[in-house]
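Everything on this sheet refers to the single structure shown next.
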Amino acid sequence: MLVKKALVIWFLVVAVFLFAAKYGGTLRFLFGVDATTLLGPNIPDSISNIVASHILEGLIDVDENLKIIPCLAERWEVKENGTAYVFYLRKGVKFHDGEDFNAYAVKTHFDYVLNSSLRNVGMFKGILKEVLVLDQYTVEFRLFQPYTPILYRLATSSAAWILSPKSIEKYGNDPALFGRNPVGTGPFIFKEWKVGERIELVRNPNYWQNGLPYLDGIVFSVVSEDVSRVNQVRAGDADIMYNPPPALLPALEQDPRLQLKTIPTVRVIYIGLNSRQAPLNDLRVRQALNYAVDKEKLCKVIMRDMARPSDSPLSSITYGYVPTGGYPYDPQKARQLLKEAGYSNLKLELITPKGRYLNDYETAIALQGMLKEVGVTVDVKPMEWGTYVGKILSSKPEDWDYQMFLLGWAPGTAEGHWVLFPLFHSINQMGNPQGTARYNNFFYSNPKVDELIDKIGSELDEKKLMEYYAQAQKIILNDAPWIFLYEMKIATVMRKEIKDLKIYPIERFNMTYAWIDR
Amino acid sequence: MTKFIARRLLLLIPVILGVSIISFSIMHMIPGDPARIIAGEGATKQDIEAIRSKYGLDRPLIEQYFRFMKGILTNDLRSIKTERPILKEISPRFLNTVQLAVVSIFISSIIGISLGIASAVRRNTWLDSFAMFFSLIGVSMPIFWLGILLIIIFSVFLGWLPSGGKGGVEHIILPAVTLGLATSAIIARMTRASMLEVLNQDYVRTAKAFGLAKRKVVYKYVLRNALIPIITVIGLQFGYLLGGAVLTESVFGWPGLGRYVVDSIFNRDYIAVQVGIMIIAMSFVLVNLLVDIFYALIDPRLRRG
């Protein structure tokens, strides 16, 4: 009996020893370009975001399934019909510079953000009126009017990551300098940034989540060539990179030293159909184009399973997504619709970026072939990204003569309002002076959808909210302002010994729980 | 000599002015709005307009040019992307580029000149064929491909050398060799041609007839006289390398100036591109000046001119 007991205990000890997370080691992460700035409210790109998210933290956060979770606030309440949010803060948290985290720090941060002209303060300006200190560990966010996506914005936007009040005082007037001196409460502390080369973070020994993080530090390095990034991970000179060239995927999958992880993202890729002029102002033509595209085939053959067909402007993991059924592949129906509309031998131009998204140009070429099958001749014109964006997001009416364009949209906020409002609300049509986020460059307009989007922005009851979401997506699908193509996946290549590294569908990587099994 | 150098340095001013005007015009002629690109996907109207007015991108072009030139003189320019003083962004990258250029020009000169001499002296032997075959491959092999090949052999399979990044001496070996091999091929061909021409001169035959040691003839009389075109080529190649070897930098993750300028073009970071190009142009002119000074040192006949 005793022997048996001893054996069990021994076994448990061994198991704990074998499977428990190990401390120590530095994780080496590779990017294609250097980060821009580590000042949260000024970050314009996902790479800076990945780095800064390990130094700075917000009141709330999202987990890897995009569910909102507590972070520096332990809980929160919605009050006064959604115009006030009260947050109860975690006690005993310290910034990296030794300052206390409390209600005053939160207020100082948001006062700084709202009074600045930094790059992404638009997420809160005009929505958030002010932050009030109720007591040392309670704050109230007052809004101009009810705006339910505010929680997702607070959970995902880097502008909401609380900066140490002392650092704001010291660097607040010089965003460039502040971007190199980020001070937050996060699991890692900023150590060094060698321009164009690498950024080093070290473990925060006083992190409020006891025992975390496991790593001694993280080094983010820049290697612009994707094949070289893969080779560095294969050679063991680095631990992780993402977006490997798809042609290498089969080989990477078989490499015993590596693990390849593929997860869906919030990014959808679509063909915008400019409905300002004929023939794309005809609903039948737009629907015909949707029926003519074999999305399954695109995902399998062109995208090598790095995408899956989409049936909504929202990716299936974006909050608010409701399946609509989409457009099945039906060339017969496409031909019939075109005939009804009175078009035979239709000629259209498709402009596309080349290399901005995975196999974007290849997708455009495949579409050209598919549309040829139903009698539509497509002229594909690839453009360099900067020129392309200048064209399709131009505020000058003479630029709005494009017909079809390939584009992607990834709501960093992880919720559907930030898809529907900028892209489908008629207030955000290009050139509309009232628009606050003008991305409706295919000139979609449906009063019913406008109304639904407005309701989505303020509805507190989740059941009703989802009902509005469902209706809006159904109507938009039927109006066919896009050719709905696919939602992107993201592939990550890691060394086998890296454990518990979390990958989020909003192109974020969380190394707080990661450890190295060496 | 001093007068000559001073004159050449003064010449820098119109060159730089010209380069600034050309790079400014080209950057502003290509379509694309830096504010749009830098603000990123999902920026609000407010965000974009703030960037535009901050950098005066909404001002007339002439005014923007003068603001730029004023910024150069007062050292008050900032990268549009990172908002940091531009020299802080560019100088570490330029130093990296210089480092890589010096090491690879060193490697390529040694390989190139020795191969060139060997094949000229032993013309039409197997050594000559080998050297010229090598240089043919070196000239025609895409640098990009060679770099990846070297990484796969020496880092992924053998694990002898780091596959990229910056660090100790071992980090510079692969990128410098990659760059050096291509350059050495050009130098070898030039050395061979130049040597052959001198080898056929009467005074060489005379020297041989006087019974001087072959070694002495080759190194003292032939090489020295053949050196001018070789140095020209090396100087030119060095100038090119200082402009940044974009492909090599990309493949090896070498944080140099070339890749930075290319990325900045994609970001429409006007300030970074314009200043980067001016620095590249300046170093090219300076290297040429150095080469000219070198001529004078090697060939006394040119000193008087």
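Numbers restart at 1 for each chain; the letters A, B, ... are given by sequence-line order, proteins then strands.
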Residues 269-281 of chain B vs side chain to side chain donor-acceptor pair (under 3.5 Å), sequence neighbours excluded, gives B:Ser79-B:Asp269
Is there a side-chain contact (heavy atoms from CB on, under 4.5 Å) between B:Asp33 and A:Val389 once you walk through the steps? CA-CA 8 Å; B:Asp33 173 3; A:Val389 168; over 6 Å; no
Stepwise salt bridge (Lys or Arg N to Asp or Glu O under 4.0 Å) test for A:Arg180 and B:Glu83: CA-CA 11 Å; A:Arg180 310 269 149 162; B:Glu83 305 184 321; over 6 Å; no
Can you confirm whether more than 12 heavy atoms, excluding those of B:Leu73, are under 6.0 Å from its CG atom? yes
With a 4.5 angstrom heavy-atom cut-off, could you sort out which part of A:Asp226 is near chain B: side chain, backbone, both or neither? neither
Measuring heavy-atom distances to chain B, does A:Asn231 have an atom under 4.5 Å in its side chain, in its backbone, in both, or in neither? both
Contacts of A:Gln429 meeting side-chain contact (heavy atoms from CB on, under 4.5 Å) (sequence neighbours excluded), chain-then-number -> A:Ser426, A:Asn440, A:Phe443, A:Ser445
Go through the atoms of B:Arg84 and report whether side chain, backbone, both or neither lie under 4.5 Å from a heavy atom of chain A. both
Check whether more than 12 heavy atoms from other residues, nucleotides or ligands sit under 6.0 Å from atom NZ of B:Lys54, and answer yes or no. yes
Mind checking whether B:Pro255 and A:Val222 have side chains closer than 4.5 Å, heavy atoms only? no
What option among B:Gly256, B:Ser250, B:Gly159, B:Pro31 has the most heavy-atom pairs under 4.5 Å with chain A? B:Ser250
Heavy-atom distance under 4.5 Å to chain A: side chain of B:Phe157, backbone, both or neither? neither
Proximal component of B:Pro92, with respect to chain A [non-hydrogen, under 4.5 Å]: side chain
Does any heavy atom of chain B fall under 4.5 Å from the side chain of A:Asp174, the backbone, both, or neither of them? side chain
Quick check on A:Arg28 against chain B: is it the side chain, the backbone, both or neither that has a heavy atom closer than 4.5 Å? neither
Considering residues, nucleotides and ligands other than B:Tyr240, do more than 12 of their heavy atoms fall under 6.0 Å from its OH? no
Counting only non-hydrogen atoms closer than 4.5 Å, does A:Thr387 touch chain B with its backbone (N, CA, C, O), its side chain (CB onward), both, or neither? both
How close do B:Thr82 and A:Arg119 get, counting heavy atoms only, and between which atoms? N-NH2, 4.3 Å
Contacts of type ring-ring contact (aromatic ring centres under 6.0 Å, His included), residue A:Trp193, not counting sequence neighbours: none
For atom CZ of B:Phe266, is the number of surrounding heavy atoms from other residues, nucleotides or ligands below 6.0 Å larger than 12? no
Best-contacting candidate, A:Leu177, A:Asn120, A:Thr36, A:Leu39, against chain B by heavy atom pairs under 4.5 angstrom: A:Thr36
Okay, B:Ile152 and chain A: the region with an atom under 4.5 Å from a heavy atom over there is side chain
Look at A:Ser228, A:Gly412, A:Pro422, A:Gly390 and state which one has the largest set of heavy-atom pairs under 4.5 Å with chain B. A:Ser228
Could you tell me which portion of B:Tyr260 (side chain, backbone, both or neither) has an atom closer than 4.5 angstrom to a non-hydrogen atom of chain A? neither
Would you mind checking which part of A:Pro41 comes under 4.5 Å of any heavy atom in chain B, side chain (CB onward), backbone (N, CA, C, O), both or neither? neither
Distance in Å, A:Ser395 OG paired with B:Glu49 CD, rounded so as to fall on 0.5 Å steps: 8.5 Å
Region of B:Asn267 that comes under 4.5 Å of a non-hydrogen atom in chain A: neither
Proximity of residues 233-245 of chain A to chain B, residues having a non-hydrogen atom under 4.5 angstrom: A:Arg234, A:Ala235, A:Asp237
Which atoms form the tightest heavy-atom contact between B:Phe252 and A:Gln232, and what is the distance? O-NE2, 4.5 Å
Using a 4.5 angstrom heavy-atom cutoff, name the option from A:Gly196, A:Ser224, A:Ser221, A:Ala437 with the most pairs to chain B. A:Ser224
Check step by step if salt bridge (Lys or Arg N to Asp or Glu O under 4.0 Å) holds for A:Glu197 and B:Arg259. CA-CA 12 Å; A:Glu197 204 177 317; B:Arg259 184 74 213 179; over 6 Å; no
Which atoms of B:Ile30 approach chain A - backbone, side chain, both or neither, heavy atom under 4.5 Å: neither
For B:Arg93 and A:Val195, work out which heavy atoms get closest and say how close. NH1-CG1, 2.8 Å
